[in-house]
Amino acid sequence: MSSAAPTAPDAAPDQAFRLADQVNRRPRVVRLLTAVRRHRLDLLAALVCAVLAGWVTHGLWPDPAGRTLALNPEDQALYEWFLAVDARALLGDFGLLTDRLNAPDGVNLMANTTVIALGVVFAPVTLLLGAPVTFALLAAANLAGTAFAWYLLFHRTLRARRLAAALGGGLCGFGPGMISQTNSHLHMTAQWLVPVIVWLVARLLRASDPGRTTLDGAGRDRSPGPDRRRMLTSAAGLAAAVTAQVFIGEEVLFLAAVTLLVMAISYAVADRELARRALPGFAGGLAVAAGLALLVLGYPLWFQFAGPQGVADGMFTPAYFSADLSSWWTISPLSVAGSDQSARLTTGPAEYNTFLGWPLLLVAAICAIWARRRRLVMACVVAGLVMGALSLGPEVVLGGTRTALPGPYALIGGLPVVDGALPMRFALALLPIIATLVVLAVDRALRSTGRARRLVPLAVGAALLPIFPTPLPTAERPAVPEFVSGGHWRQCVRPGGVLVPVPLPTPKEPWAMRWATAADAAFGLPEGFFIGPYGRGGTAAMGTFKQPTSALLADVARRGDQPAIGDEQRRQAARDAEFWGASCIALADDAPHAESLRATLEQLYGPATRIADAWIWRV
């Protein structure tokens with residue numbers, strides 16, 4: 001005879017609650033596992049994108065604060081400062097006109113590529129780990145996010161097989177232009193919202209077509225007509241995506257809009273019946289989206305062009321930033337089959353936008369011919385030709401020689417907004433255009449049973465292999481002075497005050513801006529690296545004019561000679577310090593010609609005070 005163990009009076013209810021909780025949790029776990037199993041290939045694609053992006057940028061990861069992109073460190077210093085300023089929004093200290101640079105006039109953040117939305121979203125990372133960590137994270141995330149977003153668009157919207165979608169997404173995210181722009185241009189590589197915008201535009205078009213066939217619950221045809229609910233949600237979503245993209249990178253949005261406009265016109269010409277049916281509703285939906293976006297963007301855009309320190313025109317010369325025609329069939333130096341000698345065909349390592357290589361161009365042309373019956377293919381071809389032609393700028397350049405032949409860009413050069421875009425960046429639109437052609441061709445081949453099922457994917461893979469990216473070159477960078485990193489700067493300047501580093505930051509040597517970045521932009525700097533109005537006419541320029549004392553100190557730092565200092569120079573130094581609103585002037589031990597600079601500063605401002613690894617002058 002057996003007997004049960006004694007049980008506490010409240011044990012039974014507790015056990016019942018535990019059993020009920022397990023029963024309630026089981027469906028959730030099952031649903032989660034089912035979702036993972038269903039989307040395991042999509043998750044694998046996301047993982048591959050992340051791994052490839054990490055490999056391309058891996059030179060930064062051992063020590064983001066001690067490493068820099070070797071090919072464009074000046075822009076990296078600028079973007080890290082942008083991220084530090086953006087992060088101050090989390091502290092309630094943020095405005096579209098910041099006083100943390102170019103003191104006392106400040107900098108118009110909307111007139112600069114400040115990636116405000118990214119900086120605010122990643123503010124916790126910046127404040128906890130520093131802006132260099134955020135920069136490295138975004139450099140990789142932009143590549144992976146863009147590739148995966150296009151993969152989803154190709155797979156979910158075009159209904160392409162996953163292999164075809166993966167090839168297209170990889171080209172969009174890791175093509176030569178994207179890898180090149182990753183050399184510090186975060187605003188150009190953050191393109192993961194572009195596929196969302198394309199999807200919303202396509203969704204709006206489908207909802208605007210009254211001729212589509214729809215079924216009711218009984219499977220009977222309903223009267224055709226626009227789906228007004230879907231039109232409204234698409235317009236609202238489009239407004240939100242466009243608004244977000246403006247605060248990430250306006251140039252990417254501009255290029256996407258031009259490309260979609262050309263494609264829409266081409267598609268309408270090819271399918272006039274669809275254009276006739278859908279145009280009224282589609283145009284109305286776009287108008288609603290524009291109106292909703294302007295409710296949010298109206299003031300920031302006004303501030304950008306007409307606000308304090310705003311600029312109404314572009315500062316870059318279209319003729320200089322034009323793509324060399326021969327660069328189109330040349331392979332990028334940042335690709336596995338590239339050569340450093342081809343770098344002469346562009347303005348710098350951040351602008352290998354047209355270096356697609358002849359194998360990819362040849363395969364893209366074959367794919368277009370093979371799938372030419374689809375209207376989307378024709379729209380892509382027309383858009384590719386237009387955007388490629390515009391990238392050539394106002395005058396065609398071949399092999400580094402100007403041919404005196406006018407380029408199509410001459411027809412639109414000087415127009416508002418257009419003038420602010422670099423011609424060679426129009427070529428960035430070719431990555432998703434060619435990717436779409438590749439996806440359509442590979443998907444068609446995979447659905448066939450003939451020889452093309454293997455031949456087409458192999459040909460595309462062979463064309464993509466030469467432009468496979470190599471890791472971005474990186475280099476060590478000098479550590480920020482302990483005077484700043486240790487917080488000793490607070491002994492001579494209050495938070496929000498102005499610290500004058502010597503030498504002062506300039507567009508070509510913005511290194512002192514790293515001081516402010518390391519301090520989370522808690523103090524301001526005079527002059528610096530930014531876009532703003534220059535002179536009485538307010539023409540857009542990089543940086544600002546130097547005050548006499550700044551110019552004098554820059555000359556000492558460059559040559560090491562000690563100038564003759566008299567009463568006039570001392571009075572000018574006092575006026576300049578007052579103009580800047582400076583609390584103190586600081587000279588770090590590792591400054592160029594530090595001894596000469598110290599002797600010059602002591603003649604201008606008197607004896608120095610030693611704090612950590614810097615000499616300071618309270619003014």
Side-chain angles (χ1 to χ4, degrees), residues 81 97-107 308-309 481 483-484 488-516 519 521-530 532-536 541 543-619:
W81 183 87
L97 180 71
T98 180
D99 60 356
R100 303 305 160 89
L101 194 64
N102 191 35
D105 297 324
V107 172
Q309 296 298 110
F483 167 73
V484 174
H488 302 291
W489 59 269
R490 292 183 176 88
Q491 297 181 37
C492 70
V493 57
R494 59 176 176 77
V498 176
L499 174 68
V500 181
V502 177
L504 279 72
T506 66
K508 292 185 177 181
E509 296 183 338
W511 317 126
M513 291 172 62
R514 290 175 175 166
W515 293 19
F523 55 77
L525 301 173
E527 302 178 11
F529 183 10
F530 62 95
Y534 191 91
R536 294 183 179 180
T544 187
F545 58 89
K546 284 184 168 295
Q547 297 298 317
T549 304
S550 174
L552 184 148
L553 294 172
D555 187 64
V556 174
R558 183 171 57 254
R559 303 194 308 177
D561 298 334
Q562 293 186 33
I565 302 297
D567 291 339
E568 178 56 33
Q569 285 78 18
R570 295 187 186 92
R571 286 191 293 268
Q572 183 63 55
R575 287 193 294 267
D576 290 341
E578 182 180 5
F579 170 76
W580 292 323
S583 296
C584 74
I585 297 171
L587 173 68
D589 289 345
D590 62 353
H593 300 292
E595 289 300 322
S596 297
L597 283 170
R598 178 188 169 191
T600 302
L601 286 165
E602 287 186 333
Q603 292 186 65
L604 292 172
Y605 295 108
T609 301
R610 182 72 173 177
I611 300 180
D613 55 353
W615 297 95
I616 67 106
W617 289 261
R618 293 182 174 86
V619 292

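Note that the coordinates shown come from a computational prediction; the quantities given were computed from them, not determined experimentally.
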Would you list the atom pairs, donor with acceptor, under 3.5 Å between side chains in residues 611-619 and any protein atom, with sequence neighbours excluded?
unit_1, atom_1, unit_2, atom_2, d
Asp613, OD1, Glu482, N, 3.2
Asp613, OD1, Phe483, N, 2.9
Asp613, OD2, Glu482, N, 2.8
Trp617, NE1, Gly606, O, 2.7
Arg618, NH2, Gln491, O, 3.1

#### Entry: Side-chain heavy-atom pair Asp99, Pro104 within 4.5 angstrom cut-off
no

## Note on the structure
Nearest heavy-atom approach of Arg100 to Gly496 is NH2-CA, 4.0 Å

Using a 3.5 Å cut-off and no angle test, enumerate the donor-acceptor pairs between side-chain atoms of residues 498-512 and protein atoms at least two apart in sequence or in another chain.
unit_1, atom_1, unit_2, atom_2, d
Thr506, OG1, Glu509, N, 3.1

### Message
Quick check: closest heavy atoms across Trp515 and Ala588, and the distance to 0.1 Å?
### Response
CZ2-CB, 3.8 Å

### Task
Determine which pairs satisfy side chain to side chain donor-acceptor pair (under 3.5 Å) with at least one residue from residues 544-557, sequence neighbours left out, and list them in order.
Glu527-Lys546, Glu527-Ser550, Lys546-Ser550, Thr549-Asp576, Asp555-Arg558, Asp555-Arg559

### Query
Under the criterion side-chain contact (heavy atoms from CB on, under 4.5 Å), which of Val556, Leu553, Ile565 is the partner of Leu601?
Leu553

### Task
Sequence neighbours left out, what pairs pass salt bridge (charged side-chain N to carboxylate O under 4.0 Å, His left out) with at least one residue falling in residues 581-597?
Asp589-Arg610

### Sub-4.5 Å side-chain heavy-atom contact between Gln309 and Asp105
yes

With a cut-off of 3.5 Å and sequence neighbours excluded, list every side-chain donor-acceptor pair involving residues 577-587.
none

### Summary
Heavy-atom closest pair (Leu101 atom, Gly528 atom, distance to 0.1 Å) is CD1-CA, 4.1 Å

### Summary
Residue pairs passing the disulfide bond (SG atoms under 2.5 Å apart) test with at least one member in residues 590-619, sequence neighbours excluded, are none

## Note on the structure
Distance col, row Phe529:CZ vs Trp81:CH2, nearest 0.5 angstrom, shows 11.5 Å

### Query
Taking all non-hydrogen atoms of both residues, which atom of Ala519 and which atom of Trp489 are closest, and how far apart?
CB-NE1, 3.9 Å

### Message
Walk me through whether Glu602 and Arg570 qualify under salt bridge (Lys or Arg N to Asp or Glu O under 4.0 Å).
### Response
CA-CA 10 Å; Glu602 287 186 333; Arg570 295 187 186 92; over 6 Å; no

